[in-house]
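The block underneath contains the structure these notes are about, expressed in structure tokens.
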Amino acid sequence: MPLKDCFDRLAHQPADRQTIRRTHISLLVLALAVTGAFACRVQAKTMLEGRIEEIVQSGTYLPPQLTLKKLTPQTDARMTYDASIAKWVPSYPESFLGRWGGELKNTWVVQAPYTLPNPTYRPGNTGKVVLNFYKEKDKVELAPTVVFFPPESEYMTPGVAARLGFHNGDKTSMENEIGYRPGAAFRYIPVMPLRQDRSVTFNNSALSVDVLRNSLRMIKAGCIEQDFIAKQWLNGSFDCYREVVTRFTWRGPGQIYAQVAVAEYDENRAARTRSLMEGWISPNWRTVAQQIAKEQEKPWEVIAQKHNLR
């Protein structure tokens with residue numbers, strides 16, 4: 001029975017049990033329909049989509065729509081292949097200015113079967129980071145930085161040293177130590193660079209970087225996402241395409257929620273490793289720097305200089 005007829009009958013004559021039952025069913029159906037429609041509208045309104053979601057949901061390859069051409073290392077206006085999900089912005093907001101510190105936890109990791117284990121991609125592993133938002137002319141930019149994970153101890157060989165990413169002067173020191181103490185356990189600090197926008201030369205190796213993409217978008221009010229892609233060369237040979245997506249959600253003067261996706265791709269743009277780190281950062285960066293210095297048993301200034309932290 002239509003809902004209107006139920007109400008008309010109730011209004012003009014005493015209701016029998018069947019009419020009351022039909023009225024209750026009609027009201028229930030109406031309530032479920034309204035609730036469902038409201039839920040759909042809420043979900044559509046609050047759904048957040050950006051490059052991080054693209055990497056997590058279907059990031060097994062770098063999308064062919066993403067044009068990878070060598071750029072000057074500066075923020076440009078090129079969008080992702082789905083430009084409708086956000087708008088490009090030229091700068092981080094002024095409220096981000098200064099140094100921030102906190103912890104980032106590996107909450108999601110996918111690695112190709114042939115990829116060897118590395119503590120920086122271990123699910124649940126938590127690292128410390130100091131971020132620096134500085135002003136360059138009229139723009140607020142994020143300086144390249146490094147996530148420092150807790151110290152590890154491993155029985156080291158030259159192969160293990162290479163697998164753990166000792167591609168620079170640290171590798172030379174590690175190999176010398178292995179020669180002095182073959183088969184011994186070594187203490188080391190796993191680190192993950194979040195961005196490398198310039199070529200760096202070490203003792204026995206050179207990491208060359210071609211910046212291919214550097215876009216900054218506002219996903220929603222107070223939520224900024226930066227997508228950085230570089231082509232890396234190690235000693236003249238192709239190393240990988242490396243993508244770092246940093247997203248910061250402003251929660252007030254003392255809190256920002258940070259999400260960082262890191263992906264590495266081979267020459268065919270197929271993903272080798274994809275990971276997502278998340279955590280809170282605050283202006284209390286000095287405490288975080290002191291904790292990093294304590295773990296590494298070196299002054300923070302020495303650590304910052306070694307890793308070219310601004």
Side-chain angles (χ1 to χ4, degrees), residues 48-62 100-132 142 144-154 160-167 170 187-196 219 223-230 232 239-249 251 255-266 270-282 284-285 287-289 291-296 303 307 309:
L48 194 63
E49 290 188 359
R51 180 60 187 147
I52 285 181
E53 283 71 25
E54 293 170 353
I55 290 174
V56 171
Q57 294 169 12
S58 57
T60 52
Y61 284 86
L62 266 172
W100 299 71
E103 293 186 336
L104 296 176
K105 181 179 180 180
N106 271 325
T107 57
W108 177 85
V109 178
V110 175
Q111 290 183 288
Y114 58 82
T115 306
L116 295 171
N118 190 314
T120 58
Y121 292 114
R122 184 186 302 140
N125 204 7
T126 300
K128 296 178 177 63
V129 65
V130 173
L131 300 162
N132 181 17
L142 174 63
T145 191
V146 172
V147 180
F148 299 93
F149 287 91
E152 299 273 341
S153 181
E154 188 161 347
V160 172
R163 185 245 302 174
L164 294 174
F166 291 100
H167 296 309
D170 291 336
R187 181 182 184 273
Y188 67 97
I189 307 292
V191 298
M192 178 182 284
L194 291 190
R195 207 179 90 196
Q196 186 70 56
I219 304 296
C223 181
I224 306 293
E225 183 181 84
Q226 185 171 9
D227 186 14
F228 185 90
I229 303 177
Q232 296 188 173
D239 182 36
C240 67
Y241 291 109
R242 192 167 190 269
E243 181 175 17
V244 178
V245 184
T246 47
R247 179 187 294 169
F248 302 100
T249 304
R251 297 296 187 188
Q255 275 193 326
I256 291 178
Y257 192 68
Q259 296 168 285
V260 181
V262 179
E264 293 185 358
Y265 308 88
D266 63 20
R272 295 175 181 167
T273 302
R274 293 176 290 153
S275 68
L276 177 64
M277 296 178 286
E278 302 179 83
W280 293 96
I281 59 174
S282 76
N284 190 22
W285 69 273
T287 299
V288 178
Q291 293 169 349
I292 295 171
K294 183 177 180 181
E295 288 181 346
Q296 299 204 25
I303 297 170
H307 293 279
L309 302 184

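Remember, predicted model here, so these are calculated numbers, not experimental data.
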Nearest 0.5 Å, what's the [atom1]-[atom2] distance between [X] and [Y]?
X	Y	atom1	atom2	value
Y257	Q255	OH	CD	11.0 Å
R274	W108	CZ	CH2	4.0 Å
L194	R242	CG	CZ	7.0 Å
L104	T126	CG	OG1	8.5 Å
F228	T246	CZ	OG1	10.0 Å
E225	T249	CD	OG1	9.5 Å

Can you name the nearest heavy-atom pair linking [X] to [Y], along with the distance?
X	Y	value
P151	E295	CG-O, 4.0 Å
F149	T120	CZ-O, 3.7 Å
N125	P150	OD1-CD, 3.7 Å
V288	G101	CG2-C, 3.6 Å
A261	I52	CB-CG1, 4.0 Å
R272	C240	NH1-CB, 3.4 Å

Chi angles and distances behind the side chain to side chain contact (heavy atoms under 4.5 Å, CB included) call for H307, V191: CA-CA 10 Å; H307 293 279; V191 298; 4.2 Å; yes

Intermediate values then yes/no, side chain to side chain contact (heavy atoms under 4.5 Å, CB included), Y241 and E264: CA-CA 6 Å; Y241 291 109; E264 293 185 358; over 6 Å; no

Is there a side-chain contact between [X] and [Y] in this structure, where contact means two heavy atoms from C-beta onward sitting under 4.5 Å apart?
X	Y	answer
I256	W280	no
V245	I55	yes
M192	M277	yes
I303	I292	yes
L62	I229	yes

Residue pair T107 / E278, side-chain donor-acceptor N/O under 3.5 Å: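 The answer is yes; a qualifying pair exists.
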
Distance-only donor-acceptor check, side chains E243 and Y265, under 3.5 Å: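 A pair is found: one side chain offers a donor N or O, the other an acceptor, under 3.5 Å apart.
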
Carboxylate-amine/guanidinium contact R122 E152, below 4.0 Å: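 E152 and R122: salt-bridged.
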
Verdict with supporting geometry, W100 and N132, side chain to side chain contact (heavy atoms under 4.5 Å, CB included): CA-CA 6 Å; W100 299 71; N132 181 17; over 6 Å; no

L131/I281 under side chain to side chain contact (heavy atoms under 4.5 Å, CB included): CA gap, chis, key distance, verdict: CA-CA 9 Å; L131 300 162; I281 59 174; 3.5 Å; yes

